[in-house]
Amino acid sequence: MKPELITFAHRLGFDLCRVSRAGAPPHAAEFRQWLADGRAGEMTWLERNADRRTDPQAVVPGAQSIIVLGLNYWQPEAAEPPPYRIARYAWGDDYHEVIERKLEQLDAWLTAHGGRQRHYVDTGPVLERDFAAQSGAGWQGKSTMLVHPKLGTFFFLAEILTTLPLEPDAAMPDHCGKCTRCITACPTGAITGPQQLDARRCISYLTIELKGAIPEEFRTAIGDRIYGCDACLDACPWNRFARASSESALAARDFVAGWKLRDFLGLDDDKFRALFRKSPIKRIKRRGFLRNVCVALGNVGTDADLPALALAAQDPEPLIAEHAQWAIAQIAARQSAR
């Protein structure tokens with residue numbers, strides 16, 4: 001049955017299909033300590049479902065196997081890259097929707113073979129990198145990201161918890177060696193040690209998960225990033241083997257290369273929803289996205305951006321207005337320095 005499962009998963013477009021036992025995740029204790037230390041920041045849902053996240057039986061009673069699936073999303077840079085950065089995973093359609101459709105088909109296939117399942121794409125109560133590493137879908141690098149020798153770091157993970165007894169795969173050795181490029185590359189020092197991440201300092205957290213104002217101590221380090229951060233992923237030397245994803249839905253949309261930063265400030269709610277329809281960027285809503293755009297303009301903006309920022313500084317949304325005012329002050333400071 002397992003060979004047929006793997007064949008079907010590959011036919012659906014998955015690049016990896018591995019199996020782990022549905023036992024306690026290897027780093028359950030470390031995860032709980034990470035929560036206790038407050039390093040999850042405002043991601044309070046991680047603490048609310050900590051018991052389920054560290055016990056697959058609480059998610060699917062009688063679960064025997066966890067099927068780990070990987071989908072490559074690497075895309076090459078555009079010939080003329082835009083004057084800002086968006087994390088590669090958000091260049092195309094929302095991966096949750098893309099992968100969910102594939103998981104539903106796998107779930108039905110497993111049900112037809114007598115299984116009872118639950119499947120997740122990133123959002124479920126599963127310590128997915130623990131089970132992925134345990135299944136040999138890669139190893140956990142010093143950045144805490146999963147690394148695969150042929151895919152590098154740019155691939156999504158998804159899991160199916162099933163009651164079917166499937167032969168587990170062997171774990172893969174850690175091939176990071178003495179390399180610390182990901183730690184060195186982090187702009188905000190969020191990787192505090194090998195496999196130690198303080199989410200409160202992470203640019204992906206600051207630009208996506210954080211709902212309020214971005215602390216001023218981190219704004220300059222964000223640079224021209226307006227959604228997420230690929231710094232630690234880009235730094236990994238294993239990405240020299242990365243190849244372009246075959247999933248067309250993940251290909252870059254026009255806005256990645258076709259907009260100036262200040263253009264985004266003209267978006268009202270309706271235009272924002274229309275532009276980012278089916279994009280993962282929609283989840284942070286207009287207020288969060290324009291907050292990020294203002295920070296980026298504060299770092300790389302010029303006099304030409306001041307009129308758009310002046311309008312944003314009067315925005316009815318206080319979060320946008322405050323960050324626009326900060327950006328104006330940053331540009332003025334650069335003018336004075338010149």
Side-chain angles (χ1 to χ4, degrees), residues 5 8-18 43 45-46 49 53 59-60 66-76 85-111 117-129 131-132 137 145-146 151 153-162 204-205 207-209 211 226-230 233 242-259 264 267 269-289 292:
L5 167 67
F8 186 43
H10 287 314
R11 194 185 309 150
L12 289 172
F14 287 108
D15 297 278
L16 297 172
C17 180
R18 309 281 292 187
M43 296 183 288
W45 69 88
L46 292 171
N49 64 21
R53 199 171 284 268
V59 180
V60 177
I66 297 180
I67 301 167
V68 177
L69 300 143
L71 181 65
N72 171 30
Y73 68 85
W74 190 83
Q75 300 283 344
R85 280 178 282 181
I86 292 171
R88 260 187 180 85
Y89 83 82
W91 287 5
D93 288 355
D94 191 335
Y95 68 96
H96 296 94
E97 298 173 14
V98 173
I99 297 176
E100 177 69 25
R101 292 192 290 269
K102 301 178 188 295
L103 290 179
E104 288 172 354
Q105 295 181 68
L106 268 176
D107 197 318
W109 188 90
L110 292 164
T111 299
Q117 295 78 227
R118 295 198 73 170
H119 59 260
Y120 298 105
V121 190
D122 189 35
T123 56
V126 183
L127 290 186
E128 59 180 8
R129 293 178 200 170
F131 292 114
M145 299 299 293
L146 208 69
L151 298 176
T153 57
F154 293 98
F155 60 100
F156 297 121
L157 289 173
E159 303 77 41
I160 301 177
L161 284 69
T162 179
S204 285
Y205 168 82
T207 59
I208 300 173
E209 303 297 345
K211 305 308 178 190
I226 58 174
Y227 188 88
C229 179
D230 284 335
L233 288 83
R243 62 186 188 278
S245 172
S246 60
E247 178 56 66
S248 60
L250 302 177
R253 293 178 169 206
D254 290 341
F255 66 74
V256 172
W259 286 58
F264 292 117
L267 296 173
D269 281 330
D270 289 339
K271 290 177 181 177
F272 172 82
R273 285 192 294 268
L275 181 63
F276 294 113
R277 180 176 174 269
K278 293 188 176 181
S279 165
I281 295 174
K282 68 180 182 297
R283 65 177 294 220
I284 63 171
K285 300 183 173 58
R286 174 182 178 270
R287 67 189 297 273
F289 184 69
N292 298 344

Practice task
Identify whether the distance between the nearest side-chain nitrogen and carboxylate oxygen of E159 and R18 falls below 4.0 Å.
Solution key: no

Exercise for the section: Apply salt bridge (charged side-chain N to carboxylate O under 4.0 Å, His left out) to the pair E97 and K282, showing each step before the final yes or no. Expected result: CA-CA 13 Å; E97 298 173 14; K282 68 180 182 297; 3.6 Å; yes

Problem - N/O donor-acceptor pair under 3.5 Å between R88 side chain and Y73 backbone - result: no

Completion exercise
For N49 and P125 the tightest heavy-atom approach is ND2-CB, 4.0 Å

Practice task
Check whether any side-chain N or O of D15 sits under 3.5 Å from a backbone N or O of N72 as a donor-acceptor pair, and report yes or no.
Solution key: yes

Fill in the blank from the handout: Closest non-hydrogen contact found for L5 with C17 is CG-SG, 4.2 Å

Practice task
Report yes if some heavy atom in the side chain of L16 is under 4.5 Å from a heavy atom in the side chain of L151; otherwise report no.
Solution key: yes

Handout entry: R283 side chain near H96 side chain, heavy-atom distance below 4.5 Å
Key = no

Practice task
Taking the side chain as every heavy atom from C-beta outward, state whether F156 and D122 have any pair of such atoms under 4.5 Å apart.
Solution key: no

Problem - Residues H119 and E104: side-chain donor-acceptor under 3.5 angstrom - result: no

Handout entry: Side-chain donor or acceptor of N292 paired with backbone N/O of Y227 under 3.5 Å
Key = no

Practice task
Could you tell me whether the side chain of S204 and the main chain of C229 form a donor-acceptor pair under 3.5 Å?
Solution key: yes

Handout entry: Value rounded to 0.5 Å, distance of CD1 in I99 from CG in L12
Key = 12.0 Å

Practice task
Could you please spell out the steps behind the side-chain contact (heavy atoms from CB on, under 4.5 Å) verdict for D230 and R85?
Solution key: CA-CA 9 Å; D230 284 335; R85 280 178 282 181; over 6 Å; no

Problem - Contact summary for W91 and P76, nearest pair of heavy atoms - result: CZ3-O, 3.5 Å

Handout entry: Check against side-chain contact (heavy atoms from CB on, under 4.5 Å), L157 and V68
Key = CA-CA 7 Å; L157 289 173; V68 177; 4.1 Å; yes

Problem - Verdict with supporting geometry, R53 and L127, side-chain contact (heavy atoms from CB on, under 4.5 Å) - result: CA-CA 6 Å; R53 199 171 284 268; L127 290 186; 3.7 Å; yes

Practice task
For T111 and Q117, test the side chains for any donor-to-acceptor distance below 3.5 angstrom and give the result as yes or no.
Solution key: yes

Exercise for the section: For the residue pair L103 and L69, establish whether any side-chain heavy-atom pair is separated by less than 4.5 Å. Expected result: yes

Practice task
Assess whether atom NZ of K211 is packed by more than 12 heavy atoms of other residues, nucleotides or ligands within 6.0 Å.
Solution key: yes

Handout entry: Contact check, side chains of L233 and F154, non-hydrogen atoms, under 4.5 Å
Key = yes

Handout entry: Closest non-hydrogen atom pair between S279 and A90, with its separation
Key = OG-O, 4.3 Å

Practice task
Return the orientation label for the Y95 and Y89 ring planes: parallel under 30°, perpendicular over 60°, tilted otherwise.
Solution key: perpendicular

Fill in the blank from the handout: All heavy atoms of G13 vs all of L71, minimum pair found to be O-CD1, 3.0 Å

Practice task
Could you check I67 against L110 for side-chain contact (heavy atoms from CB on, under 4.5 Å), going step by step and ending with a plain yes or no?
Solution key: CA-CA 11 Å; I67 301 167; L110 292 164; 3.7 Å; yes

Problem - Sidechain N-carboxylate O distance under 4.0 Å for R253, D93 - result: yes

Problem - Side chains of S245 and F155 in contact at under 4.5 Å (non-hydrogen atoms) - result: no

